[in-house]
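Okay, structure first, notes after.
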2 protein chains.
Amino acid sequence: MRPLIHPSIEDVTVEGILHALSDPVRAAIYVELAGSACTNICSNFLQMSDRSIPKSTLSQHFRALREAGLVHSERHGVEMHNTSRCIEIEQRFPGLLPAILNAHRVQAADRARALKRKQATARKQGG
Amino acid sequence: MRPLIHPSIEDVTVEGILHALSDPVRAAIYVELAGSACTNICSNFLQMSDRSIPKSTLSQHFRALREAGLVHSERHGVEMHNTSRCIEIEQRFPGLLPAILNAHRVQAADRARALKRKQATARKQGG
DNA sequence: TCCATAGTTCGTATGTTACGAACTAAAGAA
DNA sequence: TTCTTTAGTTCGTAACATACGAACTATGGA
């Protein structure tokens with residue numbers, strides 16, 4: 001098992017952050033992680049929302065978040081504990097993460113609203 | 001020549017925006033475009049900064065920006081005029097684009113400072 | 001009608017990502 | 001100690017994405 005790689009904060013790039021968060025699964029993981037203090041793979045993400053994502057894929061996603069500098073990972077016994085590096089990143093790129101997280105909230109709210117409307121329409125047509 | 005595709009603003013996604021701007025070339029194009037009112041491929045980007053980027057590649061990058069909803073393109077005679085859709089996007093995802101553009105500024109400034117320091121060190125060692 | 005300019009499309013070579021199978025590593029039970 | 005369970009990683013491969021040169025389209029002007 002190769003050692004965990006965490007870039008120093010000066011080596012964290014905007015491109016890297018945007019790329020990491022441009023994947024819907026990673027974005028969902030990061031949103032979750034920014035809310036709670038700490039997360040690991042099995043406890044939270046093996047059956048995400050609707051579909052379930054394979055462990056190997058999740059492992060790669062966590063690695064991507066870690067190597068982009070978004071997340072700090074530590075092995076505790078058999079588990080991996082992941083925490084957001086949001087304080088460091090906020091210092092380096094002020095406002096970036098809050099704006100992205102907020103945009104995700106806006107989008108989630110919009111989608112929920114659209115779904116509700118669609119369901120209402122379906123009920124009307126059905127009955 | 002297939003018609004230009006512009007997603008309506010409700011169909012623009014955070015993931016799409018982040019992915020589009022996670023490429024350094026597209027980010028540079030978009031930074032330029034957000035500064036000036038309007039841009040086309042040949043006049044501005046065929047010899048970007050140091051290296052020159054092939055036309056076909058630039059064409060694809062502009063398409064990516066357009067289909068992510070970041071840019072509006074219009075053919076004027078033989079030229080293509082591109083403008084940022086920043087007002088719409090600001091309405092839908094408030095603060096997102098300013099934060100990303102600011103982060104790119106911070107990064108560019110940091111890189112310039114690091115380069116200067118490196119050159120100074122090289123001068124000291126050389127003479 | 002011919003040519004130049006601006007940009008697009010296509011084919012291919014190269015890179016990236018997803019996922020199952022096989023693995024490592026720690027913790028606890030027998 | 002050895003077996004088993006749990007948590008996560010790594011590897012191989014198939015599917016998808018991207019970059020770039022060559023060939024193309026479309027417009028404007030000589």
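Throughout, protein chains are lettered first and strands after them, A, B, ... in sequence-line order, and every chain is numbered starting at 1. Computed from a prediction, not measured in an experiment: that's the story for all the values here.
- Classification of the A:His6-A:His72 ring pair by plane angle, with boundaries at 30° and 60°, yields parallel.
- Among the nucleotides D:dA19, C:dA18, C:dA6, the one closest to any side-chain atom of B:Lys55 is C:dA6.
- When distances run from any side-chain atom of B:Val78 to the nucleotides C:dT8, D:dC20, C:dA6, the shortest one goes to C:dA6.
- As rounded to whole Å, 13 Å separates atom P of D:dA26 from atom CE of B:Met80.
- Put simply, the side chain of B:Ser59 and the base of C:dG7 share no donor and acceptor less than 3.5 Å apart.
- Counted within 6.0 Å of CG on B:Leu115, heavy atoms from surrounding residues, nucleotides or ligands total more than 12; the atom is thus considered enclosed.
- Here D:dC20 is the nucleotide among D:dG8, D:dC20, C:dG7 with the atom lying nearest to any side-chain atom of B:Ser56.
- In this structure, the CZ atom of B:Phe62 is 15 Å from the P atom of C:dT9, given to the nearest Å.
- Look at CG on B:Leu58: it is 10 Å from C1' on C:dG7, rounded to the nearest Å.
- For the pair A:Leu4 CG and C:dT24 P, the interatomic distance rounds to 18 Å; values are reported in whole Å.
- With values rounded to the nearest 0.5 angstrom, B:Leu96 atom CG is found 9.5 Å from B:Leu101 atom CG.
- Distances were taken from every side-chain heavy atom of A:Gln60 (C-beta onward) to each of C:dT9, D:dT10, C:dT17; the shortest belongs to D:dT10.
- Using a 4.0 Å heavy-atom cutoff across all strands shown, B:His61 reaches sugar-phosphate atoms only and no base atom.
- Mapping B:Arg2 and A:Met1 onto DNA chain C by nearest heavy atom places B:Arg2 closer to the 5' end of the strand.
- Using a 4.0 Å heavy-atom criterion, one finds that B:His19 contacts the sugar-phosphate atoms exclusively.
- Annotation: of the two residues near DNA chain C, A:Gly77 and A:Asp23, the 5′-most nearest-nucleotide partner is A:Asp23.
- Listed here is the closest heavy atom pair of A:Gln107 and B:Val14: OE1-N, 2.8 Å.
- Straight-line distance from the CD1 atom of A:Ile5 to the C1' atom of D:dT10: 14 Å, rounded to whole Å.
- Spacing between atom CZ of A:Arg75 and atom P of C:dT24 amounts to 14 Å, rounded to whole angstrom units.
- Across the protein-nucleic acid pair, B:Glu15 atom CD and D:dA17 atom C1' stand 17 Å apart, rounded to whole Å.
- D:dA19 atom C1' lies 11 Å from atom CD1 of B:Ile53, rounded to whole Å.
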Q) Between A:Glu79 and A:Arg75, does a salt bridge (charged side-chain N to carboxylate O under 4.0 Å, His left out) hold up when you go through it step by step? A) CA-CA 6 Å; A:Glu79 291 184 355; A:Arg75 284 190 237 272; over 6 Å; no
